[in-house]
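Beneath this line is the structure, given in structure tokens, with notes to follow.
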Amino acid sequence: MKEGTERKLIIDGKRLDGRGFEELRPIKIEIGVLKRADGSCYLEVGDNKVIAAVYGPREMHPRHAQDAKMAVIKYRYNMAPFSVDDRKRPGPDRRSVEISKVSREAFDPVIMKEYYPKMAIEVYVEMLQSDAGTRTAGINAASVALADAGIPMTDLVSSIAVGKIDGEVVLDLTGVEDNNGEADMPIAMIARTNTITALQMDGHLTKEEFKRGLKLAMGACHQIYELQRAALIERYSKSEGREEKKRD
Ligand code: CDP
């Protein structure tokens with residue numbers, strides 16, 4: 001996020017990609033895309049492309065990091081070197097460590113960790129193509145992959161960012177909007193109960209803008225929740241869903 005607007009992002013009341021202020025980018029969800037994972041999901045939000053893979057519950061290694069009372073959730077967000085305009089140096093950096101931590105905490109209230117003492121539940125989120133909103137796309141994919149793995153959860157988590165461009169509060173920023181806009185605020189929530197499980201803010205919003213943005217993001221999370229739910233129902237209403245997995 002850079003200070004101020006370097007280029008015009010709203011022309012004749014429309015954003016550069018033609019969207020209205022309160023419009024999401026197109027979302028596509030595919031479940032069970034990886035054979036070796038216990039649960040997996042491929043998800044697109046506009047030009048973001050992400051794969052989430054879930055393994056476990058399985059024995060936690062190293063053993064000294066085990067928790068005798070509950071499972072340990074490991075969450076690794078990773079951006080592929082080819083996923084951005086300038087090649088990203090491979091491996092973890094400050095940004096990916098922060099995103100992994102915040103994303104893991106977004107799932108803390110829903111995963112029933114106490115069912116699996118001494119075990120690990122591992123979530124890998126790989127960004128294949130990035131265009132802003134990758135942490136939120138990753139959380140949406142991870143949520144579906146966790147459900148696909150059969151990890152007991154009280155609910156799904158849904159996630160989206162709102163921000164401010166050319167002085168307007170808008171939903172789901174693209175890369176060019178994020179780079180030239182005034183604020184970016186990703187949130188994650190349990191849509192069914194309206195419980196926020198993560199909220200970050202980059203840039204500045206007034207109190208009124210914050211309230212409007214939060215309302216907008218919460219409404220969008222309800223839409224995303226319905227898409228996640230529909231994708232899971234479609235996958236498991238076909239009787240082959242689970243059977244296929246057992247045969248592999
Ligand atoms: O992706 P998200 O909005 O969650 O996080 P961000 O740190 O606000 O990054 C915004 C966007 O900047 C990413 O989605 C990428 O498109 C881009 N980016 C990049 O090009 N190179 C990086 N090393 C990090 C981010």
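Please read these numbers as outputs of a predicted model, since none were measured by experiment.
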Original post:
Which value, rounded to the nearest 0.5 Å, describes the distance between Ile151 atom CD1 and Ser143 atom OG?
Top reply: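 One finds 12.0 Å between CD1 of Ile151 and OG of Ser143.
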Original post:
Which residue pairs satisfy the side-chain hydrogen bond (donor to acceptor under 3.5 Å, both in side chains) criterion with at least one member in residues 108-117, sequence neighbours excluded?
Top reply: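 Those involving residues 108-117 are Asp108-Lys113.
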Original post:
Going by the side-chain hydrogen bond (donor to acceptor under 3.5 Å, both in side chains) test, which pairs reach into residues 41-51, not counting sequence neighbours?
Top reply: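 Only Tyr42-Glu44 qualify under side-chain hydrogen bond (donor to acceptor under 3.5 Å, both in side chains).
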Original post:
Who pairs with Pro117 by side chain to side chain contact (heavy atoms under 4.5 Å, CB included), at least two apart in sequence or on another chain?
Top reply: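 Testing Pro117 for side chain to side chain contact (heavy atoms under 4.5 Å, CB included), a comparison that skips the adjacent residues, returns none.
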Original post:
Under 3.5 Å, side chain of Ser96 to main-chain N/O of Asp93, donor-acceptor pair present?
Top reply: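 Yes: the side chain of Ser96 pairs with the backbone of Asp93.
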**OP:** May I ask you to decide if Glu234's main-chain N or O and Ser237's side chain share a donor-acceptor pair within less than 3.5 Å?
**Re:**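 The answer is yes, because a donor-acceptor pair under 3.5 Å joins these two groups.
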How about [atom1] on [X], more than 12 heavy atoms from neighbouring residues, nucleotides or ligands closer than 6.0 Å, or not?
X	atom1	value
Arg192	CZ	no
Lys118	NZ	no
Arg19	CZ	yes
Glu22	CD	no
Asn194	CG	yes

Original post:
Hey, quick one: are Phe210 and Ile196 part of the same hydrophobic cluster, counting side-chain heavy atoms closer than 4.5 Å, chains of contacts allowed?
Top reply: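 Yes; tracing contacts between hydrophobic side chains, which count when under 4.5 Å, links both residues.
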Original post:
Taking the side chain as C-beta and beyond, is there a heavy-atom pair between Glu30 and Cys41 under 4.5 Å?
Top reply: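 The answer is no, as the side chains (C-beta and beyond) never meet within the 4.5 Å cut-off.
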**OP:** Please tell me if the side chains of Arg135 and Val102 come closer than 4.5 Å, counting only heavy atoms from C-beta onward.
**Re:**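 The answer is no; the side chains never approach within 4.5 Å.
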Subject >> Shared-cluster residues of Val97, by chain and number - hydrophobic side chains joined below 4.5 Å >> reply: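 Via sub-4.5 Å side-chain contacts, Val97 links to none.
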Original post:
Under the 4.5 Å side-chain heavy-atom rule for ILVMFWY, direct or indirect, which residues accompany Met60?
Top reply: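 Listed partners: Val72.
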Original post:
Are the charged groups of Glu23 and Arg15 less than 4.0 angstrom apart, N to O?
Top reply: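 Looking at Arg15 together with Glu23, the answer is no, because their closest N to O distance does not fall below 4.0 Å.
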**OP:** Please collect all ring pair (Phe, Tyr, Trp, His ring centres under 6.0 Å) contacts where either partner lies in residues 55-108, sequence neighbours excluded, each pair once.
**Re:**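 The answer is Tyr55-Tyr124.
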